[in-house]
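Just so we're clear, the structure is a prediction, and the values are computed from it rather than from any experiment.
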Amino acid sequence: MLPTAEELGEQLTKKKAEMNNAIQNKDFENAEKLNEEIETLERKLEEERKHAPVPKQKVSLAPVVIKAPIKAAFKDRTNSIDIAKAAAKAAKSAAPLRKMRPVSKLRPKAPLTARSNNTVLAVAQLLASKRGDAAIITDESGGLAGIITDTDVTRRVVAKHLPASSTRVSEVMTANPSC
């Protein structure tokens with residue numbers, strides 16, 4: 001027995017939700033398959049509605065939103081490349097993508113700061129825990145004393161076999177940095 005227009009509409013709604021989830025999870029290969037199923041269901045629903053008797057409806061003055069076919073959203077108009085397939089291929093071959101944010105949401109992190117009497121080990125642990133590569137060094141009064149980078153630690157402490165737990169940051173930092 002063939003499904004009714006109502007059943008086709010329910011199936012279509014479920015498939016669209018599945019496709020939206022697949023797109024959000026960046027599973028473009030599955031999204032493309034679901035898109036094809038949606039197009040098939042839309043064609044069946046259109047055929048079912050053509051052959052079904054049309055009930056008389058009240059005329060509404062509310063605006064009607066017409067959605068373009070989903071397939072059109074995946075097409076590049078200049079050379080008809082299927083973007084969904086290209087994205088799936090790129091997702092497989094590329095490293096995991098970072099979470100995409102609009103430019104308006106990009107904000108620089110607050111600078112990491114440390115005192116000049118801290119040990120290199122303490123500052124290196126701070127940099128590692130905050131995933132930073134440099135820290136601003138302040139003196140006792142809170143003024144700028146210098147900067148220490150991961151390169152400073154590598155070249156001035158590790159390469160010279162200095163003990164990081166007893167070496168003060170003030171001994172290896174770049175004092176009075178200039179831009």
Side-chain angles (χ1 to χ4, degrees), residues 13-38 65 67-179:
T13 303
K14 287 179 185 177
K15 291 294 180 183
K16 285 181 179 181
E18 286 178 36
M19 186 177 84
N20 286 335
N21 286 337
I23 290 171
Q24 288 177 349
N25 294 330
K26 297 186 176 154
D27 185 3
F28 297 112
E29 191 171 314
N30 187 27
E32 180 64 27
K33 290 177 186 174
L34 289 167
N35 185 44
E36 291 171 6
E37 291 177 26
I38 288 170
V65 177
K67 294 183 178 179
I70 294 172
K71 189 77 171 177
F74 291 110
K75 292 283 186 183
D76 180 13
R77 293 182 181 166
T78 57
N79 56 9
S80 299
I81 294 175
D82 193 346
I83 294 176
K85 287 181 182 177
K89 193 174 191 180
K92 286 181 183 178
S93 64
L97 298 175
R98 292 184 183 173
K99 185 177 177 181
M100 300 195 56
R101 298 179 288 182
V103 174
S104 63
K105 297 292 181 191
L106 297 177
R107 302 281 185 252
K109 294 179 183 176
L112 301 175
T113 59
R115 296 283 183 150
S116 59
N117 59 356
N118 286 358
T119 63
V120 172
L121 178 61
V123 174
Q125 288 173 338
L126 171 71
L127 291 174
S129 69
K130 300 292 183 177
R131 299 188 69 160
D133 46 11
I136 296 172
I137 307 302
T138 58
D139 56 17
E140 289 74 32
S141 66
L144 178 64
I147 186 169
I148 188 163
T149 65
D150 52 358
T151 304
D152 292 335
V153 174
T154 303
R155 293 181 180 169
R156 298 177 184 167
V157 179
V158 176
K160 294 182 180 179
H161 303 289
L162 295 176
S165 59
S166 62
T167 304
R168 298 280 165 217
V169 173
S170 59
E171 299 171 25
V172 295
M173 70 181 184
T174 302
N176 303 318
S178 61
C179 294

With rounding to the nearest 0.5 Å, note down the distance linking [atom1] in [X] to [atom2] in [Y].
{"X": "Ser170", "Y": "Ile148", "atom1": "OG", "atom2": "CD1", "value": "9.5 Å"}
{"X": "Ile23", "Y": "Glu32", "atom1": "CD1", "atom2": "CD", "value": "9.5 Å"}
{"X": "Gln24", "Y": "Met19", "atom1": "CD", "atom2": "CE", "value": "11.0 Å"}
{"X": "Leu112", "Y": "Ile137", "atom1": "CG", "atom2": "CD1", "value": "9.5 Å"}
{"X": "Asn20", "Y": "Leu34", "atom1": "CG", "atom2": "CG", "value": "10.0 Å"}
{"X": "Leu144", "Y": "Asn176", "atom1": "CG", "atom2": "CG", "value": "7.5 Å"}

For [X] and [Y], which heavy atoms make the closest approach, and how far apart are they?
{"X": "Asp27", "Y": "Asn30", "result": "OD2-CB, 3.1 Å"}
{"X": "Glu140", "Y": "Ser116", "result": "OE2-OG, 3.7 Å"}
{"X": "Ala135", "Y": "Val123", "result": "CB-CG1, 4.2 Å"}

Compare all side-chain heavy atoms of [X] with those of [Y] and state whether any distance is below 4.5 angstrom.
{"X": "Met173", "Y": "Asp152", "value": "no"}
{"X": "Ile38", "Y": "Glu18", "value": "no"}
{"X": "Ile136", "Y": "Pro177", "value": "no"}

**Report entry** Partners passing salt bridge (Lys or Arg N to Asp or Glu O under 4.0 Å) against Glu37 (at least two apart in sequence or in another chain)
**Finding:** Lys15
Query raised in the report: Judged by atom type as modelled, is there a donor-acceptor pair below 3.5 Å linking the side chain of Asp139 to the main-chain atoms of Ser141?
Result: yes
Report task. Determine, stepwise, if the pair Val172 / Val153 fulfils side chain to side chain contact (heavy atoms under 4.5 Å, CB included). Result -> CA-CA 7 Å; Val172 295; Val153 174; 5.9 Å; no
**Report entry** Derivation of the side chain to side chain contact (heavy atoms under 4.5 Å, CB included) call for Arg168 and Thr119
**Finding:** CA-CA 4 Å; Arg168 298 280 165 217; Thr119 63; 3.2 Å; yes
Query - Trace of the side chain to side chain contact (heavy atoms under 4.5 Å, CB included) decision for Arg115 with Thr138 - result: CA-CA 5 Å; Arg115 296 283 183 150; Thr138 58; 3.7 Å; yes
